[in-house]
Amino acid sequence: MYKIVFMRHGESTWNLENRFTGWTDVDLTEKGVKEAKAAGEVLKREGYTFDLCYTSVLKRAIRTLWLTLDEMDLMYLPVKNDWRLNERHYGALQGLDKGETAAKFGDKQVLVWRRSYDIPPPSLEEGDDRASFNDPRYAGLPKEQIPLTECLKDTVARVLPAWNEEIAPQIKAGKQILISAHGNSLRALIKMLDNISDEEIVGLNIPNGQPLVYELDADLKPIRHYYLGDADAIAAAQAAVANQGKAK
Ligand SMILES: O=C(O)[C@@H](CO)OP(=O)(O)O
């Protein structure tokens, strides 16, 4: 049996301000820093250790990983930064307030933009300052791979090769792996791993900074999964994420 641990970054400044974030590179809040350290504490207390870590190229996930590893005294571990683990690109919604957007367009429309499998949010214009074409961290990528918006299906299409080509072989080689990523890139991974339907994935929300353990069989099919923290606190945090897209 193999085990892998997934973790969404701690609270970011735009989580706190309730803005659509996507590829915007915002940092952690003080609460987010505490959540990342607490994740390290619980992993250490439960006897977890790792050989290799993956994260995105966005600092909220990178810093969460650093803080968690620091707490575990594992800062020497190799870390692979992979853009394919980035948050789902939120298109022209990036920067907008989620509650205000729901008040303007309705809760239903915002739920479609946030959680539908194959309907993307409105796209950024190519010349928009928020587009990532000139960002040096994506300099090695062909322009057509840099999104202007993404639905979850698009995110699955980039996360899946990262899993199949990069992460899965390392798990099979016996490496204990920690992945620090984002709400929707993790939803993409989990949808694929657990074979969740396009309808059911709408209801899946990932809380900030809570280690999520997946036990996998020899073919990397999930046997079971569980969060390590307090179950009531995690359920409350998941409900809070679900409610972020509703008009006040
Ligand atoms: O804004 C975002 O990029 C994501 C994660 O914070 O939000 P949501 O849960 O609305 O998809």
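Indexing begins at 1, ligand by ligand and atom by atom, following the structure's order. Nothing fancy with the numbering, it's 1 onward along the sequence.
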Nearest to atom 10 (O) of ligand 1, what protein heavy atom do you find, and at what distance?
Arg114 NE, 2.6 Å
Starting from atom 1 (O) of ligand 1, what is the nearest protein heavy atom, named by residue and atom, and what distance separates them?
Thr21 N, 2.8 Å
Based purely on interatomic distance, does Asn184 place a nitrogen or oxygen under 3.5 Å from a nitrogen or oxygen of ligand 1?
yes
With rounding to the nearest 0.5 angstrom, report the CG to CZ distance, Leu16 to Arg19.
10.5 Å
About how many Å separate OH of Tyr214 and CZ of Phe6, when rounded to the nearest 0.5 Å?
7.0 Å
In this structure, does ligand 1 have an atom that sits under 4.0 Å from one of the heavy atoms of Gly22?
yes
Arg19: heavy atom below 4.0 Å from ligand 1, yes or no?
yes
Give the single entry among Gln94, Arg8, Lys98, His9 that approaches atom 7 (O) of ligand 1 most closely by any heavy atom.
Lys98
Residue portion contacting ligand 1 (non-hydrogen atoms closer than 4.0 Å) for Asn205:
neither
Between Tyr90 and ligand 1, which residue portion shows a heavy-atom distance shorter than 4.0 Å: side chain, backbone, both, or neither?
side chain
Which of the ligand 1 atoms, numbered from 1, are nearer than 4.0 Å to a heavy atom of [X]:
| X | value |
| --- | --- |
| Asn15 | 6 (O) |
| Glu87 | 3 (O), 4 (C), 5 (C) |
| Phe20 | 1 (O) |
| Arg115 | 8 (P), 9 (O), 11 (O) |

Go through the steps for Arg224 and Glu215 under the test salt bridge (Lys or Arg N to Asp or Glu O under 4.0 Å), then give the verdict.
CA-CA 6 Å; Arg224 62 184 192 125; Glu215 294 180 1; 3.1 Å; yes
Taking 4.0 angstrom as the limit, do [X] and [Y] come out as a salt bridge?
| X | Y | result |
| --- | --- | --- |
| Asp82 | Lys80 | no |
| Glu150 | Arg158 | yes |
| Asp154 | Arg88 | no |
| Lys221 | Asp219 | no |

Identify the heavy atoms of Tyr227 and Asn205 that sit nearest to each other, and give their distance.
OH-O, 4.4 Å
